[in-house]
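Worth knowing before you read on, the calculation uses all heavy atoms, side chains too, and leaves out hydrogens, waters and symmetry mates.
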Amino acid sequence: QVQLVESGGRLVQAGDSLRLSCAASGLTLRYNSMGWFRQAPGKEREFVAAIDWTGGSTAYADSVKGRFTISKDNTKNTAYLQMNSLKPEDPALYYCAASGLFGTPRTGSAYNYWGQGTQVTVSS
């Protein structure tokens, strides 16, 4: 059974940093691309970042480029999202997802497995 479990979300102040983790079981991240998405109340889920099988290629939404960094540790079977300079528009439920496709998919339909999400709140 495949499970993705996110952690690390909490209340922070604008300008702070936060690292989210996504621990995978039942699948091997070495053979999966990973993505992070977020959904704020009343808004649609949106793409945040993705990383390919090898970890050598990444993609970011324009709104987080230069502030967020996606990575994964295949030995720990865990993906990460380092978030710096958090802004008041960043609060959301953050989800990680796994895809068997090559590359850095930006659409949710490309992902086969999803976590339950971790809440990030930013106070200004």
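The CG atom of Asn77 sits 4.0 Å away from the CG atom of Leu29 when rounded to the nearest 0.5 Å. Expressed to the nearest 0.5 Å, how far CD of Gln119 lies from CG of Leu20 amounts to 10.5 Å. Annotation: the span from Met34 atom CE to Thr78 atom OG1 amounts to 9.0 Å, rounded to 0.5 Å. In this structure, Phe37 CZ and Thr107 OG1 are separated by 6.5 Å, a value rounded to the nearest 0.5 Å. The CG atom of Leu81 lies 11.0 Å from the CD atom of Glu6; values are rounded to the nearest 0.5 Å. From Thr121, atom OG1 reaches atom CG of Leu18 across 10.0 Å, with rounding to the nearest 0.5 Å.
Around atom CD of Gln39, more than 12 heavy atoms belonging to other residues, nucleotides or ligands sit under 6.0 Å away.
Met83 pairs with exactly one of Val48, Val120, Val122 by the side chain to side chain contact (heavy atoms under 4.5 Å, CB included) rule, that one being Val120. A side chain to side chain contact (heavy atoms under 4.5 Å, CB included) with Leu4 is found for one member of Tyr111, Trp114, Tyr113 and no other, namely Tyr113.
Across every non-hydrogen atom of Asn32 and Trp53, the tightest pair is C-CD1, 3.5 Å. Taking each heavy atom of Pro105 and Phe47 in turn, the nearest pair found is O-CE1, 3.5 Å. Gly55 and Asp52 get closest at one heavy-atom pair: N-OD1, 2.8 Å.
No donor-acceptor pair closer than 3.5 Å links the side chain of Asn84 to the backbone N or O of Ser17.
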Side-chain donor/acceptor pairs under 3.5 Å, residues 86-104, sequence neighbours excluded:
unit_1: Asp90; atom_1: OD1; unit_2: Arg38; atom_2: NH1; d: 3.0
unit_1: Asp90; atom_1: OD1; unit_2: Arg67; atom_2: NH2; d: 3.0
unit_1: Asp90; atom_1: OD2; unit_2: Arg67; atom_2: NH1; d: 2.7
unit_1: Asp90; atom_1: OD2; unit_2: Arg67; atom_2: NH2; d: 3.4
unit_1: Asp90; atom_1: OD2; unit_2: Lys87; atom_2: N; d: 2.7
unit_1: Tyr94; atom_1: OH; unit_2: Arg38; atom_2: NH1; d: 2.9
unit_1: Tyr94; atom_1: OH; unit_2: Asp90; atom_2: O; d: 2.7
unit_1: Ser99; atom_1: OG; unit_2: Leu101; atom_2: N; d: 3.0
unit_1: Ser99; atom_1: OG; unit_2: Ala110; atom_2: O; d: 2.8

Distance-only donor-acceptor hits, side chain of residues 59-66, under 3.5 Å, sequence neighbours excluded:
unit_1: Tyr60; atom_1: OH; unit_2: Ile70; atom_2: N; d: 2.9
unit_1: Asp62; atom_1: OD1; unit_2: Lys65; atom_2: NZ; d: 3.3

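Remark: aromatic rings of Phe68 and Trp36 are distant, center separation not under 6.0 Å.
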